[in-house]
Amino acid sequence: MMRKFAMRGRSALAPENTIAAFDAAVTRGEGFSFDLRMLADGTLVAMADNTFDRTTNISGPLSSGSYADVRRADAGAWFAPTFRFERIPELADIIAFMNRCSGNGLALVHPDGDKIVPAIAAAVEELKAGRLVLSSYSPSLIAEIDRAHLSIPLALWAGPDWKEGVAECGGVLQSGGALSAVILPAEVLREEDAHEIEAMGLELYLVGDDTQKAEKLGAKGIVSE
């Protein structure tokens with residue numbers, strides 16, 4: 001059965017990267033993806049941008065942000081008045097949500113410094129239910145997470161040069177590494193790519209809404225925009 005992930009939650013129904021958006025996805029029988037970034041004080045938060053400006057009522061770069069900023073920010077009023085006071089979720093909040101609903105989460109980890117992997121390792125110890133996949137555009141970050149031995153599947157977001165990225169990731173699951181999937185935009189995926197990914201023992205996830213192509217090429221997951 002193909003896994004379905006709503007990108008940043010059901011962001012047409014609730015503000016992106018919030019528990020409300022993730023809940024809207026889970027209620028519809030879907031998983032959810034979320035962006036994961038680190039603030040200056042080590043707090044891990046779900047935010048797509050590198051500033052607070054677009055999706056909260058505060059401004060400034062995340063690189064100088066803190067837990068205090070997360071506590072005072074409103075991440076929902078920009079979307080609709082009914083979501084006023086929706087919080088920026090920390091990774092701990094997302095894991096607690098997954099434990100309650102046994103949801104499927106796909107984290108897109110941004111390479112925000114050398115402390116992000118130890119912080120993720122500490123947080124995921126609390127994951128008791130559901131299924132979390134850690135992913136990144138950065139092969140070197142995937143390799144670093146691999147070396148942390150977190151017993152959590154890893155996935156590489158990639159493009160046409162996906163094979164070079166896979167080679168830098170620290171090894172695929174069937175060869176003793178932790179990489180278990182490649183995530184590709186539907187528009188760049190070719191049939192031969194799908195066959196090569198399968199031959200490597202990796203799962204294929206598609207980004208986009210082309211469910212027909214995903215099924216035809218044997219994708220195990222689709223991340224819907």
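What you see below is based on every heavy atom in this structure, not just the backbone, and it leaves out hydrogens, waters and symmetry mates.
Between Asp114 and Glu144, the closest heavy-atom pair is O-OE2, 4.1 Å. Of all heavy-atom pairs between Gly60 and Asp53, the closest is N-OD1, 3.0 Å. Leu184 approaches Gly159 most closely through the heavy-atom pair CD2-O, 3.4 Å. Heavy-atom minimum distance, Val133 versus Ala155: CG1-CB, 3.9 Å. The shortest non-hydrogen separation linking Leu204 to Ala194 is CD2-CB, 4.0 Å.
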key: side-chain hydrogen bond (donor to acceptor under 3.5 Å, both in side chains) between Asp209 and Ser224, worked out   = CA-CA 5 Å; Asp209 296 309; Ser224 174; 2.6 Å; yes
Pair Glu196-Arg190, salt bridge (charged side-chain N to carboxylate O under 4.0 Å, His left out): steps then yes or no = CA-CA 10 Å; Glu196 287 188 70; Arg190 302 168 303 170; 5.2 Å; no
task = Decide yes or no on side chain to side chain contact (heavy atoms under 4.5 Å, CB included) for Met98 and Phe32, but give the supporting numbers first.
result = CA-CA 10 Å; Met98 292 178 65; Phe32 58 91; 3.9 Å; yes
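Listed by first and then second residue, the salt bridge (charged side-chain N to carboxylate O under 4.0 Å, His left out) pairs involving residues 86-112 are Arg37-Asp112, Arg87-Glu90, Arg87-Asp93 (not counting sequence neighbours).
A salt bridge links Glu203 to Arg3: one of the charged nitrogens lies within less than 4.0 Å of a carboxylate oxygen. A salt bridge links Arg10 to Glu30: at least one charged side-chain nitrogen sits closer than 4.0 Å to a carboxylate oxygen. For the pair Glu16 and Arg54, the salt-bridge criterion is met [side-chain N within less than 4.0 Å of a carboxylate O].
Distance CG/Asn57 to CZ/Phe52: 10.5 Å, rounded to 0.5 Å. Annotation: the span from Thr51 atom OG1 to Asp49 atom CG amounts to 5.5 Å, rounded to 0.5 Å.
A donor-acceptor contact closer than 3.5 angstrom links the side chains of Ser138 and Ser140.
Between Phe22 and Phe34, the two ring planes are tilted [angle within 30° to 60°].
Residues Val223 and Met7 meet the side-chain proximity criterion, which asks for heavy atoms closer than 4.5 Å. Looking only at side-chain heavy atoms (C-beta outward), Ile197 and Trp162 come within less than 4.5 Å of each other. In this structure, the side chains of Ser66 and Thr43 stay at 4.5 Å or more apart for every pair of heavy atoms.
If you chain together hydrophobic residues whose side chains sit under 4.5 Å apart, Ile142 and Leu36 fall into the same group.
One N or O on the side chain of Asn99 and one on the backbone of Lys128 form a donor-acceptor pair closer than 3.5 Å.
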